[in-house]
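Below: the structure, in structure tokens.
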Amino acid sequence: MAQLYSYDFSEMNNWALGSDGLFPQIDCFEEMWGDPCRYPRLMLMDTEPVGFAIVRRTGKNRFDMEQFFVLRKIRRTGIGCEAAKMLFREFSGHWTVEQIAPNKAAQSFWRRVISDYTDGNFEDTMEDDPVQSFVS
């Protein structure tokens, strides 16, 4: 699924295929297996993998949604929303969720999901990229 994730992002950040026909490896996809501060999660529909998330612990009871991906054919079915809320419950504490500025669809998704989860009690700031912060 990492290649599908990279393909989706290639339209926003101009990632190019290598001579082997693959997108470059994203560092956190390798690091997540040996880093005790990263928590990879796979989303399933029945038995089919349909997405993934990588939660990163940034401090005591502090978490960041490092990566989050749902297959295009599954988007807008509610699975991503439910998966995000499950992660917020699993990792209780202070959260940040950041999106790259060109990814307007992700910004809309996260603002909607976080607002619903927190009853609108979150901060939405613009640093280099949009960031939502809240407590779960």
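- Arg75 CZ: more than 12 foreign heavy atoms inside a 6.0 Å radius.
- With Tyr39 as the fixed residue, the side-chain hydrogen bond (donor to acceptor under 3.5 Å, both in side chains) test singles out one of Arg57, Arg56, Glu66, Glu90: Arg57.
- Hydrophobic clustering, with ILVMFWY side chains joined whenever heavy atoms are under 4.5 angstrom apart, keeps Leu22 apart from Tyr7.
- By the 30° and 60° cut-offs, the orientation of the rings of Phe134 relative to Tyr117 is perpendicular.
- Taking each heavy atom of Phe68 and Ala53 in turn, the nearest pair found is CD1-CB, 3.8 Å.
- Side-chain contact between Ile100 and Phe9: present, with at least one pair of heavy atoms (C-beta onward) separated by less than 4.5 Å.
- Linking ILVMFWY residues whenever their side-chain heavy atoms come closer than 4.5 Å, directly or via other members, places Val97 and Met12 in the same cluster.
- The two residues Gly51 and Leu42 make their nearest non-hydrogen contact at O-CD1, 3.3 Å.
- Atom CG of Asp20 has more than 12 neighbouring heavy atoms from other residues, nucleotides or ligands inside a 6.0 Å radius.
- Side chain of Gln3 to main chain of Phe23: a donor-acceptor pair is present (N/O by atom type, distance under 3.5 Å, no hydrogens or angles).
- Under the 4.5 Å side-chain heavy-atom criterion for grouping Ile, Leu, Val, Met, Phe, Trp and Tyr, Trp95 is not connected to Val135 through any hydrophobic cluster.
- Ile74 meets the side-chain contact (heavy atoms from CB on, under 4.5 Å) test with Met45, Val50, Val70, Leu71, Thr77, Ile79; sequence neighbours excluded.
- Met86 and Val113 fall into different hydrophobic clusters, where Ile, Leu, Val, Met, Phe, Trp and Tyr residues are linked whenever their side-chain heavy atoms come under 4.5 Å apart, directly or through other members.
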Exercise for the section: With salt bridge (charged side-chain N to carboxylate O under 4.0 Å, His left out) as the test, would you mind laying out the steps for Arg72 and Asp8 before giving the verdict? Expected result: CA-CA 9 Å; Arg72 285 185 184 265; Asp8 273 5; 3.0 Å; yes

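- Summarising the geometry of Thr47 relative to Leu44, their closest heavy-atom pair is O-CD2, 4.0 Å, with the distance given to 0.1 Å.
- Heavy-atom neighbours of Glu48 CD from other residues, nucleotides or ligands within 6.0 Å: above the threshold of 12.
- When all heavy atoms of Pro49 and Met1 are compared, the pair lying nearest together is CB-CE, 3.7 Å.
- The structure places CZ of Arg41 at 14.0 Å from CZ of Phe52, a figure rounded to the nearest 0.5 Å.
- The line from CG of Asn103 to CH2 of Trp110 is 11.5 Å long, rounded to the nearest 0.5 Å.
- The distance from atom CD1 of Ile54 to atom CG of Asp64, rounded to the nearest 0.5 Å, is 11.0 Å.
- Note: the hydrophobic cluster containing Met65 does not contain Val131 (ILVMFWY, side chain heavy atoms under 4.5 Å, direct or indirect links).
- Using a 4.5 Å heavy-atom threshold, the side chains of Phe122 and Ser115 count as touching.
- Summarising the geometry of Gln107 relative to Pro130, their closest heavy-atom pair is CD-CG, 3.5 Å, with the distance given to 0.1 Å.
- One finds the SG atom of Cys81 at 12.0 Å from the CZ atom of Arg76 (value rounded to the nearest 0.5 Å).
- In this structure the side chain of Phe88 never reaches within 4.5 angstrom of the side chain of Thr118, judged on heavy atoms.
- Ser6 contributes a side-chain N or O that, together with a main-chain N or O of Ala2, makes up a donor-acceptor pair within less than 3.5 Å.
- For the residue pair Gln99/Gln132, the side-chain donor-acceptor check at 3.5 Å is satisfied.
- The nearest pair of heavy atoms linking Asp129 to Ala101 is OD1-N, 2.9 Å.
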